[in-house]
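We count ligands from 1, going down the list as the structure has it; atoms in each ligand are counted the same way. Nothing here was measured: the structure is a model prediction, and the numbers come from that model. One is the number of the first residue; the rest follow in order along the sequence.
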Amino acid sequence: MSSQPSADPLANKAQAWSALFTEPMSELVQRYTASVGFDKRLWRADIDGSLAHARMLAVQGIIAAQDLADIERGMAQIVSEIESGAFTWKLELEDVHLNIEARLTALVGDAGKRLHTGRSRNDQVATDVRLWLRGEIDGLSALLADMQRALVNVAAEHTETVMPGFTHLQVAQPVSFAHHLLAYVEMFSRDAERLADVRKRTNRLPLGAAALAGTSYPLDREAVAQSLGFDGVCRNSLDAVSDRDFALEFSACASICMVHVSRLAEELVLWMSQNFGFIDLADRYCTGSSIMPQKRNPDVAELARGKSGRVIGHLMGLLTLMKGQPLTYNKDNQEDKEPLFDTVDTLRDTLRIMAEMVGGIRVKAAAMEAAALKGYATATDLADYLVKKGLPFRDAHEAVAHAVKIAIQQGVDLSQLPLATLQGFNPAIGEDVFEVLSLRGALHARQVIGGTAPVRVREAIEAHLLRLG
Ligand code: ARG
């Protein structure tokens with residue numbers, strides 16, 4: 001990049017502010033205050049925002065048509081320089097905004113210096129972050145939909161695959177593997193709803209707030225909002241440059257979503273352990289051990305679980321960053337970017353890898369079924385059976401507890417006790433009890449809305465597929 005000598009004050013950061021400054025920044029202060037190392041990632045949003053601002057300035061007669069043409073030409077060149085890697089980012093120009101503006105002025109002269117009319121880096125950076133985050137939210141929403149589809153597709157194969165449902169990690173009642181997976185689909189669909197809601201509040205335009213108080217130039221904020229696809233403008237200039245609650249909200253959504261991912265990851269790890277043996281994950285998501293030749297470790301799932309920690313940490317960091325700030329803009333806010341960027345990157349990669357991994361899961365149905373047979377998972381069904389024969393539920397519960405005790409002593413399942421023995425607990429018990437005591441009978445019986453019966457689960461799958469398109 002050739003940067004011609006110019007009268008641009010930004011050409012030398014020591015003089016960037018004004019003639020008031022009598023000494024240059026030390027190298028340490030320069031490094032400490034600069035953000036260009038990370039905020040250059042906002043370059044496209046920065047240029048889009050600048051172009052929308054410049055076009056409005058021209059329409060309003062604040063800059064000349066020729067200035068606008070020069071700015072557009074310069075920005076087009078800057079875009080190609082950045083895309084090709086030819087652009088030189090300068091630490092001494094502090095941030096993405098000053099780097100781009102300085103280059104623009106170097107390229108087109110005075111028009112570049114007119115771009116900042118009626119604008120401050122305070123409303124500029126707030127605009128950039130919102131624009132950038134909006135795009136990321138859209139990408140994440142698509143990934144959340146992929147994640148749900150991957151789960152629904154596996155579920156569709158397993159509406160009749162019985163596994164133990166757990167409470168307290170103790171075998172509780174039989175459920176289908178499909179039903180279990182659809183629980184996560186519900187969680188991820190709420191995550192998507194939450195993201196869509198955050199998008200609404202993120203998608204408002206700060207530009208026009210200028211440094212903090214608004215500006216005396218006759219800006220058309222609504223037009224800028226419209227051209228950038230914002231739903232509206234921020235209604236108070238002080239708030240516009242100051243608050244980052246959209247970032248907090250996003251970060252909270254991301255944290256909740258990572259908690260859901262983490263729970264799913266934890267189950268994959270458990271299910272793959274020899275003690276459960278419910279599933280296998282493809283080799284490409286596992287690693288071996290350098291010392292134990294027999295090992296296959298579910299590293300990807302463990303990392304997904306672990307990475308929830310950093311995302312939750314970023315939420316705490318951002319909340320703490322905001323809490324003591326007086327109105328309006330404070331440089332503290334420059335610290336919002338790295339946690340936000342890392343949150344987006346972590347969530348994006350995690351959703352992609354988890355969706356892929358879940359899609360390729362190998363289900364060991366026989367092991368799931370054998371586990372469901374172990375813990376007297378149909379005891380509630382026997383109690384319900386007795387209630388239907390006229391016993392009060394508490395009495396039925398007690399009778400079944402005795403039956404389970406005998407079954408444990410004999411080392412058999414309830415369904416393996418002879419009819420005569422069962423009738424000893426209650427004479428109302430008939431031959432039809434054995435259907436009730438079977439895993440499949442128990443599964444099919446739970447036909448309430450939201451229950452695990454295959455008929456309901458198939459309906460849920462249809463509804464999800466319709467919603468996900
Ligand atoms: N790099 C700054 C940030 O990220 C841009 C805004 C700077 N504004 C200022 N008045 N120093 O927040």
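Interatomic distance, CZ of Arg458 versus OG1 of Thr159, reported as 5.0 Å (0.5 Å rounding).
In plain terms, the two heavy atoms of Val457 and Ser176 that are nearest each other are CG2-OG, 4.2 Å. The two residues Phe38 and Phe341 come nearest to each other via the heavy atoms O-CE1, 3.3 Å.
Residue contacts with ligand 1: Glu94 is placed with no nitrogen or oxygen under 3.5 Å of a nitrogen or oxygen of the ligand (distance criterion only). Residue Gln334 places at least one N or O, backbone or side chain, under 3.5 Å from an N or O of ligand 1. Residue-to-ligand polar distances keep His97 apart from ligand 1: every N/O pair is separated by 3.5 Å or more.
A 6.0 Å sphere centred on NZ of Lys374 holds no more than 12 heavy atoms belonging to other residues, nucleotides or ligands.
Ligand-side atoms of ligand 1 in range of Ser35: 1 (N), range being under 4.0 angstrom from any heavy atom.
Closest to atom 7 (C) of ligand 1 among all protein heavy atoms lies Tyr329 OH, 3.4 Å. The single protein non-hydrogen atom nearest to atom 9 (C) of ligand 1 is Asn122 OD1, 3.4 Å, given as residue, atom name and distance. Ranking the protein heavy atoms by distance from atom 5 (C) of ligand 1 puts Asp95 OD2, 3.5 Å first. At the top of the distance list for atom 11 (N) of ligand 1, counting protein heavy atoms only, stands Arg121 NH2, 3.4 Å.
Looking only at side-chain heavy atoms (C-beta outward), Pro206 and Arg130 come within less than 4.5 Å of each other. The closest side-chain heavy-atom distance from Val36 to Leu93 is not below 4.5 Å.
Taking the centre of each ring, His97 and Trp43 stay at or above the 6.0 Å mark.
When heavy-atom distances to ligand 1 are checked against a 4.0 Å cut-off, Lys337 comes that close only through its side chain, counted from C-beta outward.
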